[in-house]
*Asks:* 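Mind having a look at this structure? Questions to follow.
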Amino acid sequence: MKANIIVSLKVLLAFTVLLGIIYPLAITGFAQLFFPYEANGSIIKINNKPTGSELLGQNFQSDSLFWGRPSFSNYNPLKSGASNFSVNSNSIAILQKKQADRLKMKINNKSNDLLYYSASGLDPHISYHSAMIQADRIAKVRNMDIKEVYKIINKHNEKKQFLFLGEERINVLLLNLDLIKIENEKSK
Amino acid sequence: MLYNNLFQIVVLITLLVIVCPILGYYIFSIFSKEENSIKNINKYWHPLFIFSKIELLIYKICKVDKLQNMDWKKYLFSVLIFNFFGFVLLFILQMIQKWLPLNPQNLGNVPIDLAFNTAVSFVTNTNWQNYAGETTMSYLVQMVGLTVQNFLSAGTGIVVVIALIRGIANKESNLLGNFWVDITRSVVYILIPLSIVISILLISQGVVQTLQPYQNIETIEGVNQTIPLGPAASQVAIKMVGTNGGGYFNANSSHPFENPTPFSNFIEMFSLLLIPMALPFTFGRFVGSKKQGRTLFFTMFGLLLIGFIIMLFSENYLHPILQQSGIMEGKETRFGIVNSVFFANITTAVSCGAVNCAHSSLTPISGLILMLNMMLGEIVFGGVGAGLYGMLIFVLLTVFISGLMVGRTPEYLGKKIESKEIKMAILAVIIPNMVILIFTALALCVPSAYSQVSSGGPHSFSEILYAFTSSAANNGSAFAGLNGNTPFFNIFLGLSMIIGRFGVIIPVLIIAGSLSNKKIIPKSLGTFRTDTPLFAFILIAVILIIGALTYFPALSLGPILEHLLMKSGIIF
């Protein structure tokens, strides 16, 4: 018994060093060497100033930008998480109506990601359809040709990964950055 | 569209069905008695050469007596004492993190009740989380505390099932093996190599792995965002492989930093199912009949598939009030409906508890399947090791019931099943069930507990029922509307995790010891065969009858009632 207690403590400490220090540090070293961009949060820099992570959504409110999905935490990365509302709660029904009114969209079964909270509160993507229904607004506010807006949307439409994994989607931050870039080039 | 999306699930399962028998054989060769079971592992050109050196180094430093062979009492004592020290270390680390290094955000010490809950949670392979990782735990606690227990709790599951299997396969011997050797080998040869490969794949997809402090940025619209970072990938890998499920970040595997792309989601689903799906094959090898292993595999697989199909239908059902189907509430755009539903099904079936969608926001019938997956005792593949020993308990019960029906002494693989085994098997089934129902009832009676729910109607009951089910079954996923970070829930969920874990491990090791001593009766014409589809069918029936009888009343107050209200257009 007593011998086993001592062995137990030793094995625990040995594993703590191996699994708690050596293993994560080795992986960190490897990551920093071979995947520095990914391992440090996929931060996008514009003019050397970080403007966000490619993987995290932002709370776009301006009419001149594409909007992302509703977020229960208003895209605060320190408060990741979902609403956890039941689909049969009043809150969801109210949210659906509010979003549909704001987007001036008809409730149908085409895509409904813009009507409901995401799981992480940081979903960087919207569906293709959800981008297309915003094209009209963007074109009007920015005084652009709607075909040009469609063109940008199509450019950013990500196919399924390896053609069969996940869903087609559009990264809203990258889309908006491109929109601003094109505008800036025009005004030059 | 739906069929198109189902294709990825078909690919995933096909891959697993190919890989798992091989992994099952590999696990067998790690734990089987024959010397040099993994051929040439001590040769320098072998890919696992370095791991064999690590193994020997651990024995040397810790002065482990490799040749010691333990009976069930010694084995159980070692399991318990090792887990107890693991708990103490993790408990203390959290409560002093403020004064320790690698805490760039200067997070304060974790309060005592939360530290208790979290330490129990990670030691018991539950990984229920009453905290948000990014604002509670320092890098040091995540690495040295939580990651370590992710490995060791998974290792504990594996060695307990190996001890049980040895007990079944032994011929009149009381020796179940050496716990220290088994735990070292399970970690060094199975969990570490898999975790390394998976962390690297995940990092390539965008999972963060760094020691830099959180980064402040200014968004396009001029709002400040603080982006949390940390050594996440190394922990996410073992959280999936070891079916732990405790997220690095609060949003777990729905967080873009933990699960950034459809491919990372594919890897996570693959690694979550990998070891639990391989262990039935390991079992088959140990008892010298691959068919026995395959029968268990297909029994589990059948139950998994039934749940998935019901959930798919439920999610694609036109919601009478919202007038939409495939509702994206609590789901991520990149995964869509099929990936979310399948992930939710396997994470509850496999006792992982990592989530890539909000379980609370799935349709009521989906929620019911998730709870049922856990209520059946986490035996639909189940947690690493824990699933198989849970299933073997049901096998003993089935053999016993069938024996009673035809009036002959029940036996399994040549071992007579007698009153001691059955008593212990019943205990292992009843203990978690009792905890779930009694603690749920208790929480409903305590106003300070019941007031922590966030929704109305039957869903509020479901939140509490789910919490105790998830903790007693050592799953760890949640209907997270419930605020569990209160002294009541921290203590009672903690107790329910301890009882749910060791209330099963203790009877299992007693059974292992008892079976181990018995002689093997040769097969005869009258032997009840346990490797046929008929047996699988009876086994499924026994599992479902026990589960349904125990939980139908509780489930009808929660998800079933909610479904009926939804159909008649009532929301709350």
Side-chain angles (χ1 to χ4, degrees), chain A residues 4-5 7-12 14-16 19-21 23-24 27-28 31 35 38-42 50-53 55-56 58 62 77-78 80-82 84-90 92-93 96 107 109 112-113 116-120 122-127 161 164-167 169 176, chain B residues 7-8 58 61-62 64 78 81-82 85 134-135 143-144 147-148 151 180 199 203-204 206 208-210 217 219 225-229 231 234 249-251 254-256 260-263 266 322-324 327-336 357-358 360-361 363 455 459 480-481 562 566 571:
Chain A
N4 260 340
I5 293 175
V7 172
S8 179
L9 281 171
K10 282 185 186 160
V11 173
L12 180 64
F15 275 136
T16 301
L19 305 168
I21 298 170
Y23 159 73
I27 300 285
T28 309
F35 299 102
E38 287 86 353
N40 292 316
S42 310
T51 38
S53 164
L55 296 174
L56 304 184
Q58 298 185 357
S62 155
L78 292 178
S80 65
N84 287 298
F85 292 147
S86 157
V87 283
N88 301 312
S89 63
N90 279 317
I92 294 290
Q96 186 208 34
I107 290 176
N109 238 343
N112 61 46
D113 53 299
Y116 303 108
Y117 294 122
S118 62
S120 60
L122 296 167
D123 194 344
H125 299 111
I126 54 176
S127 65
Q161 208 171 3
F164 75 103
L165 285 174
E167 302 285 331
R169 60 208 182 277
N176 281 333
Chain B
F7 179 66
Q8 53 196 326
I58 288 176
I61 297 174
C62 306
V64 172
S78 310
I81 196 78
F82 187 60
F85 286 138
E134 54 268 56
T135 48
M143 281 164 53
V144 179
T147 305
V148 173
F151 276 97
W180 307 115
S199 352
I203 292 165
S204 77
V208 295
Q209 178 78 22
T210 174
I217 58 112
T219 65
Q225 263 191 344
T226 302
I227 294 184
L229 296 168
S234 53
F249 301 107
N250 188 42
S254 66
H255 197 293
T261 64
F263 182 54
F266 187 84
L322 301 176
Q323 283 300 315
Q324 289 181 318
I327 292 165
M328 287 297 285
E329 171 67 33
K331 302 184 183 74
E332 296 279 294
T333 312
R334 60 195 178 282
F335 306 140
C357 67
S360 189
S361 303
T363 52
S455 54
H459 202 77
E562 195 186 334
M566 177 181 92
I571 56 175

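Sequence lines set the chain letters: A, B, ... in the order given, protein chains first and strands last, and positions in each chain run from 1. These numbers come from the heavy atoms of this one structure, side chains and all, not from hydrogens, waters or symmetry mates.
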*Asks:* If you define the side chain from C-beta out and look only at heavy atoms, does anything of B/Val144 sit under 4.5 Å from A/Ile21?
*Replies:*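 A side-chain contact under 4.5 Å exists here.
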
*Asks:* Between B/Ser199 and chain A, with a heavy-atom cut-off of 4.5 Å, which part of the residue counts as in contact: side chain, backbone, both or neither?
*Replies:*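 When you check distances to chain A, only side chain atoms of B/Ser199 fall under 4.5 Å.
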
*Asks:* Is chain B contacted by the side chain of A/Ala14, its backbone, both, or neither, given a heavy-atom distance below 4.5 Å?
*Replies:*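 The side chain, not the backbone.
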
*Asks:* Any donor and acceptor pair, going by atom type alone, linking the side chain of B/Ser361 with main-chain N or O of A/Phe85 inside 3.5 Å?
*Replies:*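 Yes: the side chain of B/Ser361 pairs with the backbone of A/Phe85.
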
*Asks:* Under 3.5 Å, is there a donor-acceptor pair between the side chain of A/Gln96 and the main chain of B/Leu322?
*Replies:*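 Yes.
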
*Asks:* Under a 3.5 Å distance rule, please check whether A/Asp123 uses its side chain to pair with a backbone N or O of B/Thr333 as donor and acceptor.
*Replies:*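 Answer holds: yes.
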
*Asks:* Just so I know, are the side chains of B/Met143 and A/Thr28 near enough to count as touching, which here means a heavy-atom distance under 4.5 Å?
*Replies:*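 No. Closest side-chain heavy atoms not under 4.5 Å.
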
*Asks:* In terms of heavy-atom proximity below 4.5 Å to chain B, should A/Tyr23 be classed as side chain, backbone, both, or neither?
*Replies:*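 Looking at A/Tyr23, just its side chain touches chain B.
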
*Asks:* If you round to the nearest 0.5 Å, how far is OG1 of B/Thr261 from NE2 of A/His125?
*Replies:*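 Between A/His125 NE2 and B/Thr261 OG1, I get 9.5 Å after rounding to 0.5 Å.
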
*Asks:* Out of B/Leu229, B/Ile61, B/Thr219, B/Val64, return the one with the most heavy atom pairs under 4.5 angstrom to chain A.
*Replies:*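 Option with the greatest count: B/Thr219.
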
*Asks:* Answer yes or no: is there a donor N or O on one side and an acceptor on the other, between the side chain of A/Glu38 and the main chain of B/Ile203, under 3.5 Å?
*Replies:*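 Side chain of A/Glu38 to backbone of B/Ile203: no pair is present.
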
*Asks:* Taking the side chain as everything from C-beta on, heavy atoms only, tell me whether B/Ile58 gets closer than 4.5 Å to A/Phe15.
*Replies:*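 A side-chain contact under 4.5 Å exists here.
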
*Asks:* Which one of A/Gly52, A/Ala82, A/Pro24 has the most heavy-atom pairs closer than 4.5 Å to chain B?
*Replies:*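 Most heavy-atom pairs under 4.5 Å with chain B: A/Pro24.
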
*Asks:* Tell me, out of B/Ile81, B/Thr147, B/Thr226, who's got the most heavy-atom pairs with chain A below 4.5 Å.
*Replies:*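 Max contact count across the listed options: B/Thr226.
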
*Asks:* For chain B, which candidate among A/Ser42, A/Ser127, A/Ser53 shows the most heavy-atom pairs at distances under 4.5 Å?
*Replies:*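 Heavy-atom pair counts peak at A/Ser53.
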
*Asks:* Go through B/Phe85 and A/Ile5 one step at a time and tell me if the side chain to side chain contact (heavy atoms under 4.5 Å, CB included) criterion holds.
*Replies:* CA-CA 9 Å; B/Phe85 286 138; A/Ile5 293 175; 3.8 Å; yes

*Asks:* Only pairs of heavy atoms separated by less than 4.5 Å count here; which of A/Ile92, A/Ile107, A/Leu55 has the most with chain B?
*Replies:*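 Counting heavy-atom pairs under 4.5 Å, the top option is A/Leu55.
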
*Asks:* Which heavy-atom pair separates A/Leu78 from B/Thr135 by the least distance, and what is that distance?
*Replies:*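 Distance-wise, the nearest heavy atoms are O-CG2, 3.7 Å.
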
*Asks:* For residues B/Glu134 and A/Pro77, report the shortest heavy-atom separation together with the two atoms involved.
*Replies:*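 Between these two residues, the closest heavy atoms are OE2-O, 3.8 Å.
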
*Asks:* Please find the pair of heavy atoms, one from B/Phe82 and one from A/Ser8, that lie closest to each other, and give the distance.
*Replies:*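 Of all heavy-atom pairs spanning B/Phe82 and A/Ser8, the closest is CA-OG, 3.4 Å.
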
*Asks:* May I ask you to name which of B/Ser78, B/Ala358, B/Pro228 has the most heavy-atom pairs under 4.5 Å with chain A?
*Replies:*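 Of the candidates given, the most pairs with chain A belong to B/Pro228.
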
*Asks:* Out of B/Glu562, B/Gln225, B/His255, which one racks up the most heavy-atom pairs below 4.5 Å with chain A?
*Replies:*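 Going by pairs under 4.5 Å, I would pick B/Gln225.
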
*Asks:* Under a 3.5 Å distance rule, please check whether A/Gln161 uses its side chain to pair with a backbone N or O of B/Phe263 as donor and acceptor.
*Replies:*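 Looks like yes, one N/O pair under 3.5 Å.
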
*Asks:* Heavy atoms only: give me the nearest B/Ile571-A/Ser89 pair and the separation to one decimal.
*Replies:*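 Taking every non-hydrogen atom into account, CD1-O, 4.3 Å.
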
*Asks:* Determine yes or no for a side-chain-to-main-chain donor-acceptor pair under 3.5 angstrom, with B/Glu332 supplying the side chain and A/Ser120 the backbone.
*Replies:*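 Yes, because the side chain of B/Glu332 sits within donor-acceptor range (under 3.5 Å) of the backbone of A/Ser120.
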
*Asks:* Counting heavy-atom pairs closer than 4.5 Å to chain A, which one of B/Gln209, B/Met566, B/Gln8 comes out on top?
*Replies:*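 Looking at each option in turn, the highest pair count goes to B/Gln209.
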
*Asks:* Any sub-3.5 Å donor-acceptor pair from B/Ser360's side-chain atoms to A/Asn84's backbone N or O?
*Replies:*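 Present.
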
*Asks:* To the closest 0.5 Å, what do you measure between CD (A/Glu167) and NZ (B/Lys331)?
*Replies:*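 If I round to the nearest 0.5 Å, the distance is 11.5 Å.
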
*Asks:* Is any side-chain heavy atom of B/His459 closer than 4.5 Å to one of A/Asn88?
*Replies:*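 Heavy-atom side-chain distance check fails, nothing below 4.5 Å.
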
*Asks:* Looking only at heavy atoms, what is the nearest atom pair of B/Thr210 and A/Ala39, with distance?
*Replies:*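 Shortest heavy-atom separation between B/Thr210 and A/Ala39 comes out as CG2-O, 3.6 Å.
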
*Asks:* Which region of A/Ile126, side chain (C-beta onward) or backbone (N, CA, C, O), has a non-hydrogen atom less than 4.5 Å from a non-hydrogen atom of chain B, or is it both or neither?
*Replies:*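 When you check distances to chain B, only backbone atoms of A/Ile126 fall under 4.5 Å.
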
*Asks:* Relative to chain B, which segment of A/Ala119 carries a heavy atom at a distance below 4.5 Å: side chain, backbone, both, or neither?
*Replies:*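 When you check distances to chain B, atoms from both the backbone and side chain of A/Ala119 fall under 4.5 Å.
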
